[in-house]
Amino acid sequence: MLRLAWRTLSGRRASWAASFAALVLALVMTTACAVLLESSTRAGSRAERYAGADVVVGGQPFVPRAGKLRTALEGLPSVERAVPELSFPTTAVDASGRTVEAPWEGPSLGHSWESAVLGPFALRAGRAPAGDGEVVLDSALAGRLGARAGGTVRLTVPDGLRSYRVSGIADPPREPARQYAVFHSPREAQRLAASAQPVRAIGVLAKGAADPGVLRRQVEKAVDDLYGEDSGAVLVASGSGRADAEFWDVPSPASVLSSLVGTFGALSLFVAGFVVSGTLTLAVAGRLTEIGLLRAVAATKGQIRRMIAAEVLLVTLAAALLGVPGGIGVAALLHRLLVSGEVLPPSFPLSVGPVAPWATVGLAAVVAQLAAFAAVRRASRVRPVEVLRESGAPAPRPGWLRVLLGVCVLAGAGGCLGAVAAGRLDGGGGTAESMVLVLMVGVALLAPLICRVAGAVLLVPLRPLLPRNGTLAVRNLLRQNVRLAATVTPLVLSVSLTGTLLCVPLVTSEGAERSERQRLTADHVVSATGPGIAPGYAERAARLPGVVAASGQLSVGGELSRADSRGGDTGSLVGGSLVAMRAEAVPRLLDLGVRRGSLDRLDDTSLALGEGAAAELGVSAGDRVRVDWDDGGRDTYRVAAVYSRDRGFADALLPRASAARHAAAPLDDTVLVRTAPGADPSAVEGELEALVADFPGARVGDRGASESGAAANLFVLLLLTMINLFTAVSVVNTLSMATAGRRREFALLRLAGAQSAQVLRMLAWEAVLTCAVALLLAAVVCGSVLVPLSIALTGSAVPALAGGPLTALAAGAPVLTVVTVTLAGLLALRSAAATPGGLAKAVS
């Protein structure tokens, strides 16, 4: 069978050229994704600040009852010393007044000098901090600031910007790649931590002869003895697991890359499957005459299928010789772009192992075989006479199972999108983008039928308005639904994906701005440009003349449950977004659309709940709710109000006085300020701007000046570029193959008296009308996703659109198709002269 496939393949190289090119491009995209994904799995995080500790007991975010745990650990026979670590956010400011952020979105933290031994950090210059006004900087941060021992550095602390004397510069064993560290005196670190339980971790240093495994088991037993059933609140880590305890709330570069590549890879496989399936379908459809002859000489259905499968396997292996090395090269290029775009650190390695290439080739072979099976299934099942008849005038109809499946897929997608529009289903989190893929599956299953209907509805009314060549083009398109569908499907896929990925962030951003405008009654919004705004900003803003109310918005971590729920009653437990504010300032700063109760009843012992959280908990105004904080603490509050405007805000609004003690980072996300009646808003804004000098992480703007999200980040742009390039090449392949297979038709037209220029004009009209059908179908698919999302988020059925890129795509598609069919038509016309001998050659 392989020998026959090789002979057939050698004799029909032109018919397999498009499929070969599609498989090469598919292998390039999937190999690039696989190599990056393998690199993310091989690149493990390493401990930096805890590299000198043998075992780390880490809290998420705090270690409860840290004093008792330290005493218990120091009493273990294998432990030499247990060192608690205090950590709190701090940001350095350079000479120009700009904040120095940690690399790769890592933390910039302050610590007590006592915990420097966990690095261990060794003084390179100067000495340890002797007083509250002195600090030791790690060498990387000192290099960024140009600081030296004996100089000064400005750091943001809870009460504003403060200058410290640099008493020393310290080096860790390996340079920190994801954070900056500042070491204070123990007393100053305790003051700045300002938390009910400030210890973030306890590092355990083993005695010289202690066995690491024995040490860890002893530490785990001590943790279990102290916490019992609550031992899950802390993490016991050693070896490579110490990095998980150190960066528990900071995503590693490997996890960021794997999440990006996962989306990229899924979409790439989806597009590649569509394109390969389309080209293989056309390649097999062009061989109906050959298949009919083979069936006429007693070839069985299984033999036909095995022959095509063997040919596809040979084409896949040949494509792998180019696609796999090309994919590795593209992965290296993407890696370089992600490093230059600061998505990945320069130290992140690109690992090319045997797993990614072999997995990619295997996956491509499976996809190609499935596509080939679907393409040859119908031709191999019909009788030889029918195949020969259909090869002359193919008019295949989709089977009832395919139609039923396509209708079910579109109906399911329509139901989900209807739920999004009605607000019963969240349209974020990738729901909108995934709905495009589901819709495209339905469109692909029903493509011949949809193209037939679209042709009857869109093209037939245009026929009287078109010239003679255009009328002939309409007739050709109406007669060849399979060829039209094969060209339309990749165009619809490209435009739909591009439109959705570009427009969904715009719609989401517009919805967030609308919700914020409805919710805010504050006159000024101060946003954070770094990790957050120190709480001292809101306190000082509230004391400014002309300000009637001011409060920061602090995100805290915890879970809500009914106060009367038992410990095992998890049905009433919900996790959600919790925001803390000054209780007395909330009624003047926010209009939350209160349904029950009143925001005026908020105090330090009560909270307000969003409607969704209240319905899930089964509580209302006047009931009591328990909050289990992430640090292990627990508080009970009375429900003062239930509000409706919780979308994009918070499930619960808590009093800052009690919630701030449990916050992982006591920094405000934003600060809201309300001007007093009769006061000058511009004067208040000037005062707020003046405060920025002491709080460099703040930026003042009014409530209409919130930033809209970017239409696409670096990786999405790379994804769209590759998908559109891939789709463009597939469209060129499909059109070239379909046009080259029409030599007999062109020869008959020439014999009937048509000139070459008339045939080419007919082809150009076909290309333009095909693009018109594709763009209209793409608009329907995009509108089916964007309109419900826009209704749910903005209340308007007119979504925000990325006009520039979509216009360029819509204008480029007709140009690409017209140029392709014109060139392919010229080559076909040269080999199909309108003579009996030329016609015979064309027919053969």
Side-chain angles (χ1 to χ4, degrees), residues 49 61-63 66-67 70 83-95 97 99-100 102 107-142 144-172 176 179-203 530-540 660-661 663-668 691 693-697:
R49 205 174 60 255
F62 305 113
V63 177
R70 181 184 183 184
V83 181
E85 191 211 25
L86 305 178
S87 294
F88 47 89
T90 187
T91 308
V93 178
D94 61 17
T99 57
V100 179
S108 181
L109 300 173
H111 316 275
S112 170
W113 176 248
E114 287 183 338
S115 62
V117 68
L118 299 178
F121 284 79
L123 287 170
R124 183 181 70 184
R127 54 173 175 79
D132 295 345
E134 295 182 341
V135 293
V136 171
L137 305 179
D138 75 68
S139 54
L141 178 57
R144 285 283 304 273
L145 294 171
R148 297 180 179 179
T152 59
V153 63
R154 293 186 295 169
L155 301 173
T156 56
V157 293
D159 54 355
L161 190 64
R162 182 176 176 184
S163 294
Y164 289 86
R165 182 175 181 272
V166 180
S167 64
I169 308 294
D171 280 329
Q179 63 183 310
Y180 289 139
V182 178
F183 295 97
H184 295 261
S185 66
R187 189 174 68 174
E188 179 71 357
Q190 185 74 33
R191 184 185 73 84
L192 295 177
S195 173
Q197 301 184 74
V199 176
R200 300 295 184 95
I202 296 179
I533 305 173
Y537 186 97
E539 296 173 3
R540 292 174 60 179
R661 296 180 296 123
L667 299 176
D668 293 326
L691 284 180
D694 293 334
F695 298 87

Looking at every non-hydrogen atom in both residues, tell me the closest pair between [X] and [Y] and how far apart they are.
X	Y	result
Ser112	Ser115	O-OG, 2.8 Å
Leu667	Ala534	CD2-CA, 3.8 Å
Pro84	Val199	CB-CG1, 4.1 Å
Leu118	Gly203	CD2-CA, 3.7 Å
Ala147	Ile169	O-CD1, 4.3 Å
Leu123	Gly168	CD2-CA, 4.3 Å

Less than 4.5 Å apart, side chain to side chain, heavy atoms only: is that true for Asp668 and Phe695?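 Asp668 does not reach Phe695 side chain to side chain.
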Side-chain contact test, heavy atoms from C-beta onward, threshold under 4.5 Å: evaluate it for Arg200 versus Phe62 and give yes or no.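 They are in side-chain contact.
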Rounded distance (nearest 0.5 Å) linking atom [atom1] of [X] with atom [atom2] of [Y]:
X	Y	atom1	atom2	answer
Arg154	Asp694	CZ	CG	9.5 Å
Leu137	Phe183	CG	CZ	10.0 Å
Arg187	Asp132	CZ	CG	4.0 Å
Glu188	Leu86	CD	CG	12.0 Å
Glu85	Leu109	CD	CG	7.5 Å
Leu155	Leu141	CG	CG	8.0 Å

Are any side-chain N or O atoms of [X] and backbone N or O atoms of [Y], one a donor and one an acceptor, separated by less than 3.5 Å?
X	Y	value
Ser167	Arg127	yes
Asp171	Arg124	no
Thr156	Thr91	yes
Ser108	Thr90	yes

Between His184 and Phe88, does the ring centre distance come in under 6.0 Å?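 Yes: the rings meet the under 6.0 Å criterion.
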